[in-house]
Amino acid sequence: MATTTRVTTTRGARGSRRARNLIVALAASVSLVAAGCGGDSSDEDTSSTAKAAGCQAGSESGKRTLKGTFLGDVEVPATPQKIVAGWLVGNQLIDLGVPLAGLLYDYKQNATQEELDKVKDLPTVGSIADGLSAEKTLSLKPDLVVTSIRKDVIETLAVEKLKGKVPVAAFDIKEPADVWRNYTKVADAVGCGDKVAADLKRLDADLTQVGTANKDAISKLGTVAYVEGSAVPGSFQIATSKALTYERLTKAGLTYFGGADPNPERYNQAISLELTSKLEPANVIFYEADFDGKPTKRTQELLDKPTFKNLPAVKAGNLFPYPAPYAYTITAADKQVDAIESAVKAAKPTTP
């Protein structure tokens, strides 16, 4: 088994970031309270600041219009109370704490145990493999269905059967990273737009702070790469500039290695195991891990390959977990920031 380094962020660094996060959260709370104190309310609220239960105490009646969804403009409750989570949004909605009535089964693939526990008593309404059951979804009497969507799975997700019977907020994706980029839209659909906007602002600040606080160490680290196993025999995958992993690593001040396609078609790039040496220029390698920092099954198979073990970064002990790269929640993103910072502090420089 390849040697991996699993370290924790120092108490001081973690504490200072948590303190800064608290200040941001308090500031956001003050803004929300102030916003709720003035003026008369309207039954037809089209503002993105309407809050669902879980984002703000209390409730707001009436409806508002979501513009530019996959199904066009959609009228939704200002404060939805029975939400069904469709494809690739379940974890986000659990993370937001909004009231759920049911979920598509796929949320379990990238959920923490805490998230699983929160919704263990809720019914599922199908899976992406077998399709979303319109009948079961409607039997839950939801006031909103939220889902990612792609043209090739329109029928699978039964949006045409649901449309007209329940508001459906569907958001188009082409690549996995689009699920994250749609997060603000998903949050707005359930009345949590302000909360997520504040979270994203804080997340960007945290990533930037990693680079700022560790500037000297990073300047000596050389380049980094991200890898994961593959279902295709004889190959593995690396992140390209279209990947969310690439975006977060570089936003934290790290320099991504030059072995990836400079003009990629997708977020990942398949590499033959025979060309594992392509990773040799990288002084630090991050690998796909679960929430606990353990390699996924497919990636463990890659880490166990003799050719991978012989890479300079691996032999130097500069192999680090990148937790939950396909969990598109603030909780997962915070874990990734911590993992990046821990790796920066523990990695050996290219030169003493």
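Hydrogens, waters and symmetry mates play no part in the numbers below; they use all other heavy atoms, side chains included.
- Counting only heavy atoms from C-beta outward, the side chains of Ile330 and Asp334 approach each other to under 4.5 Å.
- A distance-only check finds no donor-acceptor pair linking the side chain of Lys251 to the backbone of Thr208 [under 3.5 Å].
- With rounding to the nearest 0.5 Å, the separation of OG1 in Thr296 from CG in Asp290 is 8.0 Å.
- Contact record, Ile218 with Gly253: CG2-O, 3.2 Å, taken as the closest heavy-atom pair.
- Leu100 is connected to Ile128 through a chain of hydrophobic side-chain contacts under 4.5 Å among Ile, Leu, Val, Met, Phe, Trp and Tyr, so both are in one cluster.
- Test Val89, Thr124, Val145, Leu157 against Leu104 for side-chain contact (heavy atoms from CB on, under 4.5 Å) and you get one pass: Leu157.
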Candidate pair Asp95 and Thr331, rule side-chain hydrogen bond (donor to acceptor under 3.5 Å, both in side chains), full reasoning
CA-CA 7 Å; Asp95 206 41; Thr331 297; 2.5 Å; yes
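- Figure legend: cation-pi geometry between Arg150 and Trp87 absent, as NZ or CZ is not positioned both under 6.0 Å from the six-membered ring centre and within 45° of its axis.
- Lys242 has no carboxylate O lying under 4.0 Å from a charged side-chain N of Glu175, or vice versa, which leaves the two without a salt bridge.
- Residues Tyr226 and Glu228 have side chains that bring a donor and an acceptor to within less than 3.5 angstrom of each other.
- Between Pro325 and Thr245, the closest heavy-atom pair is CB-CG2, 4.0 Å.
- Counting heavy atoms from C-beta outward, Ser148 and Phe171 have side chains that stay 4.5 Å or more apart.
- Distance OG/Ser230 to CD/Glu301: 10.0 Å, rounded to 0.5 Å.
- The hydrophobic cluster containing Val168 also contains Phe70, counting ILVMFWY residues as joined when their side-chain heavy atoms lie under 4.5 angstrom apart, directly or transitively.
- Once rounded to the nearest 0.5 Å, the distance linking OG of Ser342 with NZ of Lys335 reads 10.5 Å.
- Distance check: Asp143 CG to Leu140 CG gives 11.5 Å after rounding to the nearest 0.5 Å.
- A salt bridge is defined here as a Lys NZ or Arg NE, NH1 or NH2 lying under 4.0 Å from an Asp or Glu carboxylate O, and Glu115 with Lys118 fails to meet this definition.
- Contact detail for Ala225 and Leu279: the closest heavy-atom pair is CB-CD2, 4.0 Å.
- Of all the heavy atoms in Pro80 and Ala189, the pair that sits closest is CG-O, 4.3 Å.
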I'd like to know whether Lys165 forms a side-chain contact (heavy atoms from CB on, under 4.5 Å) with Leu162, so could you lay out the CA-CA distance, the side-chain angles of the two residues, the decisive distance to 0.1 Å, and finally the verdict.
CA-CA 5 Å; Lys165 298 176 181 177; Leu162 295 172; 5.8 Å; no
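- Rounded to the nearest 0.5 Å, atoms CG (Leu302) and CZ (Phe236) are 6.0 Å apart.
- With contacts defined as side-chain heavy-atom distances shorter than 4.5 Å, the pair Val190/Val146 qualifies.
- The two residues Asp106 and Gly86 come nearest to each other via the heavy atoms OD1-O, 3.8 Å.
- Looking at Glu247 and Arg181, a side-chain N of the basic residue comes within less than 4.0 Å of a carboxylate O on the acidic one, giving a salt bridge.
- Under a 3.5 Å cut-off, the side chain of Thr299 and the backbone N or O of Val227 do not form any donor-acceptor pair.
- Leu122 and Leu116 fall within the same hydrophobic cluster, where Ile, Leu, Val, Met, Phe, Trp and Tyr residues are linked whenever their side-chain heavy atoms come under 4.5 Å apart, directly or through other members.
- Checked for salt-bridge contact, Arg202 and Asp204 miss the test: no charged N lies under 4.0 Å from a carboxylate O.
- The structure places CG of Leu71 at 6.0 Å from CD1 of Ile149, a figure rounded to the nearest 0.5 Å.
- Formation of a donor-acceptor pair under 3.5 Å by the Ser272 side chain with backbone atoms of Glu274 is found in this model.
- A donor-acceptor pair under 3.5 Å is formed between the side chain of Thr240 and the backbone N or O of Arg266.
- Side chain of Gln269 to backbone of Asp261: a donor-acceptor contact under 3.5 angstrom is found.
- The pair Arg298-Glu288 meets the salt-bridge criterion, with a side-chain N (NZ, NE, NH1 or NH2) lying under 4.0 Å from an Asp/Glu carboxylate O.
- In this structure, Tyr246 and Tyr256 have perpendicular ring planes: the angle between them is above 60°, well past the 30° mark.
- A heavy-atom distance below 4.5 Å is not found between the side chains of Tyr326 and Leu88.
- If you run side-chain contact (heavy atoms from CB on, under 4.5 Å) between Phe257 and each of Val284, Asn283, Ile238, only Ile238 comes through.
- Side chain of Gln237 to main chain of Tyr267: no donor-acceptor pair is present (N/O by atom type, distance under 3.5 Å, no hydrogens or angles).
- Ring planes of Tyr183 and Trp180: tilted class, angle from 30 to 60°.
- Under the 4.5 Å side-chain heavy-atom criterion for grouping Ile, Leu, Val, Met, Phe, Trp and Tyr, Ile94 is connected to Leu200 within one hydrophobic cluster.
- Between Asn318 and Ala347, the shortest heavy-atom distance links the atoms OD1-CA, 3.4 Å.
- The backbone N or O of Gly72 lies less than 3.5 Å from no partner atom in the side chain of Lys67, so there is not a single donor-acceptor pair.
- In this structure, the side chain of Asp172 does not engage the main chain of Thr69 through any donor-acceptor pair within 3.5 Å.
- For Tyr105, the OH atom sits in a loose shell: 12 or fewer heavy atoms of surrounding residues, nucleotides or ligands are nearer than 6.0 Å.
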Would you sort out whether Ile340 and Phe320 count as a side-chain contact (heavy atoms from CB on, under 4.5 Å), showing the intermediate values?
CA-CA 9 Å; Ile340 293 169; Phe320 301 98; over 6 Å; no
Derivation and outcome, side-chain contact (heavy atoms from CB on, under 4.5 Å), residues Phe308 and Val314
CA-CA 7 Å; Phe308 190 87; Val314 179; 3.6 Å; yes
Kindly determine whether Leu138 and Lys161 satisfy side-chain contact (heavy atoms from CB on, under 4.5 Å), including the steps that lead there.
CA-CA 10 Å; Leu138 293 172; Lys161 293 180 180 179; over 6 Å; no
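- For the pair Thr156 and Leu132, the minimum side-chain heavy-atom distance is 4.5 Å or more.
- The shortest side-chain heavy-atom distance between Leu319 and Leu303 falls under the 4.5 Å cut-off.
- A donor-acceptor distance shorter than 3.5 angstrom exists from the side chain of Gln336 to the backbone of Ala324, with no hydrogens or angles considered.
- Asn214 places a side-chain N or O within donor-acceptor distance of the main-chain N or O of Val210, the cut-off being under 3.5 Å.
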